[in-house]
2 protein chains.
Amino acid sequence: MAKAAIASPWKSETERKTERALKREAVLAAAAHVFSERGYHRASLDEVAQVLNITKPTLYYYFKNKEAMLFACVQHGLDMLEAAGGAEDGNGRAQLAAYLEGYAAVIETDFGRCAVRISDAELSEASRKKVRRIKGEIDRKIRQLVTAGIADGSIASSDPKITAFALAGALNSIGQWHPQAGVPADKKLAGEYINLLMNGLAPR
Amino acid sequence: MAKAAIASPWKSETERKTERALKREAVLAAAAHVFSERGYHRASLDEVAQVLNITKPTLYYYFKNKEAMLFACVQHGLDMLEAAGGAEDGNGRAQLAAYLEGYAAVIETDFGRCAVRISDAELSEASRKKVRRIKGEIDRKIRQLVTAGIADGSIASSDPKITAFALAGALNSIGQWHPQAGVPADKKLAGEYINLLMNGLAPR
DNA sequence: AAACTATGTTACTCAAAAGTAGAGAGCGGA
DNA sequence: TCCGCTCTCTACTTTTGAGTAACATAGTTT
């Protein structure tokens with residue numbers, strides 16, 4: 001395959017395609033940033049546009065409307081949360097801890113915070129349904145890890161359903177208070193969280 | 001003191017005062033309900049008024065504006081959270097657990113959810129400052145209980161600051177997902193949460 | 001060169017919801 | 001009986017921000 005020896009200022013068909021895709025992603029990233037920082041309602045599209053040095057109508061070239069942007073942000077965030085990789089080996093508890101670590105890392109991103117902080121009441125019925133489905137899958141994933149841990153004796157829990165719910169909820173709170181107070185938001189925070197969830201407060 | 005033998009249809013000066021206070025409280029309760037259920041921005045004052053079978057302008061007779069209502073809701077919720085009583089005796093861990101139980105119970109009320117779910121970015125700078133102060137006091141209270149537990153050996157934690165933050169965050173999440181999914185929102189939920197926080201997932 | 005496509009812009013419209021003006025009803029006191 | 005106070009209403013104004021219309025410009029294609 002012949003590779004271009006010099007950088008051409010003219011773009012090929014496919015280059016233009018990807019350029020558009022890149023711009024769309026940039027819009028999405030900007031939206032995620034503003035939404036997660038200011039909340040969906042308080043965030044105006046003028047702000048989003050300003051971040052990108054463009055004007056509001058341009059956004060409509062890439063997204064149908066504000067809600068479509070939000071949905072894309074939330075969906076992307078949830079996809080990241082679901083795909084948060086953990087260890088494949090080790091006992092149930094170790095695998096769960098590894099997954100939760102990945103989960104926490106995602107929550108510290110703009111998309112993760114969008115997925116977690118923004119109420120799905122903002123979305124249309126159709127979008128909400130999709131969001132619920134992915135959230136359900138994440139919940140099932142955690143619950144399944146908990147159940148596996150119970151089975152191999154590495155986890156003590158009487159109710160995997162509530163436990164999964166509590167774990168997700170606790171980690172989600174990382175994204176909640178984070179932006180306001182002066183919190184040590186580095187790795188240590190998530191680590192302490194997970195340590196607390198794994199070992200509890202009572203001394204062993 | 002002479003007590004009225006028959007119920008008079010006319011109200012005394014003080015009775016009218018308290019009646020007004022009661023109405024103000026009713027407005028606040030309605031606002032807390034709508035705010036916590038739909039979120040501050042999505043909630044309209046027409047809705048709040050409708051709940052009370054009155055019209056919007058009447059609300060303005062009891063509160064300066066929408067933000068004042070929100071502030072009163074949040075402040076009341078935070079006051080409840082701070083006053084959530086725990087046991088006075090027992091070791092540090094027992095006292096902390098008792099306090100957290102009270103905390104969780106408050107979060108299941110409209111005011112508690114307002115205090116916890118609504119971003120203080122909604123508030124004016126002045127109100128936000130007051131909110132931060134109370135939040136700081138709650139945080140200090142939890143941290144102090146954790147520290148006491150560490151001192152008497154009933155709690156294992158390397159970092160009281162982060163631990164207090166994580167505890168509050170975890171419990172706050174009770175109020176987050178609660179309204180959406182079909183969750184067993186009874187006593188069991190909070191109980192499982194606290195059990196998880198106290199004992200962790202790892203078997204003992 | 002003409003027409004078409006992609007990407008933006010300026011300058012609007014439109015809707016929703018906060019907030020206000022001012023009238024009116026009912027009660028209590030002079 | 002009239003005045004004034006409390007409380008609530010109807011009928012506005014105002015503001016904010018989403019969404020749109022219409023035009024501009026540059027590159028691309030025919």
Side-chain angles (χ1 to χ4, degrees), chain A residues 7-28 30-32 34-35 37-73 118 121-124 127, chain B residues 4 7-28 30-31 34-35 37-73 118 121-124 127:
Chain A
S8 165
W10 290 277
K11 287 129 193 167
S12 73
E13 176 83 15
T14 58
E15 271 177 328
R16 264 181 284 120
K17 277 261 171 57
T18 58
E19 190 169 312
R20 180 182 165 87
L22 284 177
K23 285 185 182 175
R24 197 187 139 101
E25 276 170 39
V27 168
L28 202 59
V34 176
F35 288 169
E37 196 150 274
R38 309 233 316 141
Y40 178 64
H41 261 101
R42 277 187 309 274
S44 81
L45 293 188
D46 283 316
E47 275 179 274
V48 175
Q50 200 178 339
V51 168
L52 298 163
N53 293 317
I54 59 178
T55 58
K56 184 174 61 170
T58 301
L59 300 175
Y60 284 83
Y61 184 66
Y62 296 98
F63 287 91
K64 184 173 164 287
N65 54 28
K66 192 183 181 186
E67 199 229 284
M69 280 183 219
L70 178 65
F71 176 65
C73 286
I118 291 174
E122 311 278 4
L123 297 167
S124 70
S127 306
Chain B
S8 165
W10 291 277
K11 288 127 194 167
S12 72
E13 178 82 16
T14 56
E15 271 176 329
R16 264 181 284 122
K17 277 260 170 60
T18 58
E19 192 169 311
R20 180 183 164 86
L22 285 177
K23 285 185 181 174
R24 197 186 140 103
E25 276 169 40
V27 168
L28 203 58
V34 177
F35 289 169
E37 195 150 273
R38 309 234 316 141
Y40 177 65
H41 261 100
R42 277 185 309 275
S44 82
L45 293 189
D46 283 316
E47 275 178 275
V48 175
Q50 202 177 337
V51 167
L52 298 163
N53 293 314
I54 58 178
T55 57
K56 184 174 59 170
T58 301
L59 299 175
Y60 284 82
Y61 184 68
Y62 296 98
F63 286 92
K64 187 172 163 290
N65 53 29
K66 192 182 183 187
E67 198 229 286
M69 281 182 219
L70 178 66
F71 175 65
C73 286
I118 292 174
E122 311 277 4
L123 298 166
S124 70
S127 306

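Numbered from 1 within each chain, the chains take letters A, B, ... in sequence-line order.
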Sugar-phosphate only, base, or nothing, as touched by [X] at under 4.0 Å among non-hydrogen atoms:
X        : answer
Ala49(A) : nothing
Ser44(B) : sugar-phosphate
Tyr62(B) : sugar-phosphate

Applying side-chain hydrogen bond (donor to acceptor under 3.5 Å, both in side chains) to Tyr61(A) and Arg20(A), what does each step give before you reach the verdict? CA-CA 10 Å; Tyr61(A) 184 66; Arg20(A) 180 182 165 87; 3.2 Å; yes
Is the distance from OP1 or OP2 of [N] to the nearest side-chain N or O of [X] less than 4.0 Å?
X        : N       : result
Tyr61(A) : dG8(C)  : no
Tyr60(B) : dA21(C) : no
Lys23(B) : dT8(D)  : yes
Thr58(B) : dC7(D)  : no
Arg20(B) : dT6(D)  : no

What's the CD-C1' distance between Glu47(B) and dA17(C), to the nearest Å?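 About 11 Å, once rounded to whole Å.
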So for Lys66(B) and dA17(C), does any side-chain atom that can act as donor or acceptor lie under 3.5 Å from a complementary atom in the base?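 For Lys66(B), whose side chain was compared with the base of dA17(C), there is no donor-acceptor pair (under 3.5 Å).
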Regarding dA18(D), can its base be found pairing with the side chain of Lys56(A) as donor and acceptor, where the two atoms are less than 3.5 Å apart?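 Flag set: donor-acceptor pair detected.
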Is any side-chain heavy atom of Val27(B) less than 4.5 Å from a side-chain heavy atom of Thr58(B)?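 Counting from C-beta outward, Val27(B) and Thr58(B) never come under 4.5 Å.
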Look at the rings of Tyr40(B) and Phe35(B) and say which category their plane angle falls in: under 30° parallel, 30 to 60° tilted, over 60° perpendicular.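 Judged by the thresholds at 30° and 60°, the geometry between Tyr40(B) and Phe35(B) is perpendicular.
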Is a side-chain donor or acceptor of Arg24(A) paired with a backbone partner of Tyr62(A) at a separation under 3.5 angstrom?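 Judged by distance alone, yes, a pair lies under 3.5 Å.
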